[in-house]
Protein chains: 2
Amino acid sequence: MQSDDAKTRRREIPEASLRRLPIYYRFLQKMAVDGVVRVSCADLARGLGLDPTQVRKDIEMTGIVGKPRFGYPLVHLIGWLENFLGWNRAKSAVLAGAGSLGSALLGYEKFRKHGMEIMAVFDIDGAKIGQRIHGKEVQPLGFLPDFVRRTHTLLGLIATPADAAQSVADLMVTGGIRAIWNFAPAHIRVPERIILQNEDLYHSLASLSFKLERQLGAPPFESEISYAKDH
Amino acid sequence: MQSDDAKTRRREIPEASLRRLPIYYRFLQKMAVDGVVRVSCADLARGLGLDPTQVRKDIEMTGIVGKPRFGYPLVHLIGWLENFLGWNRAKSAVLAGAGSLGSALLGYEKFRKHGMEIMAVFDIDGAKIGQRIHGKEVQPLGFLPDFVRRTHTLLGLIATPADAAQSVADLMVTGGIRAIWNFAPAHIRVPERIILQNEDLYHSLASLSFKLERQLGAPPFESEISYAKDH
DNA sequence: TGCATATCGAGAAACTTATATCGAGATGTT
DNA sequence: AACATCTCGATATAAGTTTCTCGATATGCA
Ligand SMILES: NC(=O)c1ccc[n+]([C@@H]2O[C@H](COP(=O)([O-])OP(=O)(O)OC[C@H]3O[C@@H](n4cnc5c(N)ncnc54)[C@H](O)[C@@H]3O)[C@@H](O)[C@H]2O)c1
Ligand SMILES: NC(=O)c1ccc[n+]([C@@H]2O[C@H](COP(=O)([O-])OP(=O)(O)OC[C@H]3O[C@@H](n4cnc5c(N)ncnc54)[C@H](O)[C@@H]3O)[C@@H](O)[C@H]2O)c1
């Protein structure tokens, strides 16, 4: 009841909840295939091995209203989530970097079913420019800003080497992109208004590696020996 | 000061901090190349555009001790982080799924510099088995558990279609794997003791898509119309 | 029709993470 | 040598997230 009105407040879904929605969404789709017609949060929690309260909170956050003792009509919940996430509305995207990762992304059919369509690919490698990858002709990187501007593309994917990521991001911003999905392991800086999602494998690797070592019992600390001589 | 002794307590680094360490690590390496010999948390924060307090907290969490008015010797901090994350100790891994993503992962040289080496690849596709990808011969999936058992492999990477992810994970667990890095968009379930890291693109896509739509002003709510007729 | 119960929805509490503040000590400077 | 300043390290506060609890209500069953 702060300064927000109800409509604004409703949208404040935690990032963590947001990232869990696809898990529910996929499970619901599997249920639909199996012919199920209604579902409760408890069903979801059981099926996925998650905490029922958390599932309820997450679903509730999307603003859907359910019926006590009933739950939600399955197809309605699926549609609701698609709409909530924007997965039923096509958003165009451009890709920078037509290497092995870029090609894989370009060939990833399922993105289209989730509201994202890669419309064009850009690279700086002269050998790649002009080639077709999954039906798209690779264009010179320099064409990117103008393409974005002309087509009002919202989303830019970066799959270049880390060194180039910042400059490519700048180029996208210049063109008027609204959001960037960065697959290069680089900490890039963009204006406040730009939505940035980093898909940095090393974040995960650090977490995984640390936990693994800890579980193995290797003490990664108390080797303070080398410090003294550094000074 | 609960039930933990100091040694245990020290290790309780927040997941969020852990995932930020690679950002600092890379920036430090860049500084080292530039010939810098000492660094403060404030330097890091400035260089990366992050909050200085957060950087200090994160670095402090690793247990390194700095000197007031000095900071940390650069190479010492780099080495400290490598040691903390286990990136200076080789861990072997196996990969399931030799498709486009699997191949990309297999060819990703830099993993080795971060403590991970993919020792073997497994697939079920008869056409792929026996082929060499980036120098590794693709083996039948059935050989995986035995390979893991014999070589005491710690880490398993899943790059199969989502349908197969759970069964592949089970196979890895059977073989005695300790941690799983899952690239398939599937919610897999593993025993408590297994460390699981999901690299699910749809988590990010959901977040990105939602934020983008919200910024564009499209109200993803208040279409409660269709609900009534479902009942 | 009335009752037991599953389920939602909301609020409270506990926990985690992020941000702000401050004292102490080391450094470089005058 | 004294002082101003920078930086760590620790503590405190705030914000965010998860977990717990409970009442209300629609449903299925007796
Ligand atoms: N290969 C993997 O498994 C993998 C996984 C996760 C992340 N990544 C990251 O994704 C990025 C790409 O990886 P990759 O394996 O596809 O590398 P790659 O070398 O196969 O492809 C990089 C492509 O980017 C192009 N490029 C270089 N500079 C460019 C620029 N300024 N603008 C546009 N294009 C440019 C190159 O010509 C090349 O085609 C890297 O940052 C890598 O760290 C790779
Ligand atoms: N292509 C991408 O850009 C991309 C990005 C992120 C995540 N992913 C995910 O990664 C996974 C692999 O994607 P991909 O593009 O490499 O697919 P792909 O079809 O190119 O490769 C899948 C491989 O897995 C093998 N496989 C199938 N069942 C198997 C099993 N039970 N055990 C072992 N191997 C099995 C197949 O033979 C094939 O070689 C998918 O789940 C996909 O959703 C793909």
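Proteins get letters first, then strands, A, B, ... in listed order; numbering begins at 1 in each. Because only heavy atoms are used, hydrogens play no part in the values below, and waters and symmetry mates are left out as well, while side chains stay in.
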TODO: Show your reasoning for whether side chain to side chain donor-acceptor pair (under 3.5 Å) applies to A/Ser92 and A/Glu117.
DONE: CA-CA 5 Å; A/Ser92 55; A/Glu117 182 155 15; over 6 Å; no

- [ ] Tell me whether the OP1 or OP2 atom of C/dG9 has a side-chain N or O from A/Tyr72 closer than 4.0 Å.
- [x] yes

TODO: Tell me which nucleotide among D/dG9, D/dT18, D/dA26 gets nearest to the side chain of A/Arg20.
DONE: D/dT18

Open item on the list: For B/Tyr72 and B/Trp80, I'd like to know if the aromatic rings sit close, meaning centre-to-centre distance below 6.0 Å.
Closed with: no

Open item on the list: Would you say A/Arg56 places a side-chain N or O within less than 4.0 Å of OP1 or OP2 belonging to D/dT18?
Closed with: no

TODO: Starting at atom CD of A/Glu60, determine the distance to atom C1' of D/dT18, rounded to an integer number of angstrom.
DONE: 13 Å

Task: Distance flag, aromatic centroids of B/Tyr24 and B/Phe27, threshold under 6.0 Å - done: no

TODO: Please work out which residues in residues 31-55 of chain B have a non-hydrogen atom less than 4.0 Å from an atom of DNA chain C and list them by number.
DONE: B/Thr53, B/Gln54

TODO: Round to the nearest Å and state the distance from A/Met61 atom CE to D/dT18 atom C1'.
DONE: 10 Å

Open item on the list: Donor-acceptor check, side chain of B/Asp51 to backbone of B/Val55, threshold 3.5 angstrom: yes or no?
Closed with: no

Open item on the list: From CD1 of A/Ile13 over to P of D/dT18, roughly how many Å is that when rounded to an integer?
Closed with: 11 Å

Open item on the list: Using a 6.0 Å distance limit plus a 45 degree cone around the ring axis, check whether A/Arg38 lies over the aromatic ring of A/Phe70.
Closed with: yes

Open item on the list: Any side-chain to backbone donor/acceptor pair from A/Thr174 onto A/Asp170? Under 3.5 Å, distance only.
Closed with: yes

Open item on the list: Any side-chain N or O of A/Arg69 below 4.0 angstrom from OP1/OP2 of C/dT5?
Closed with: no

- [ ] Let me know the distance between CD1 of B/Ile59 and C1' of D/dT7, rounded to the nearest Å.
- [x] 14 Å

TODO: Round to a whole Å and report the spacing from NZ of A/Lys57 to C1' of C/dA12.
DONE: 10 Å

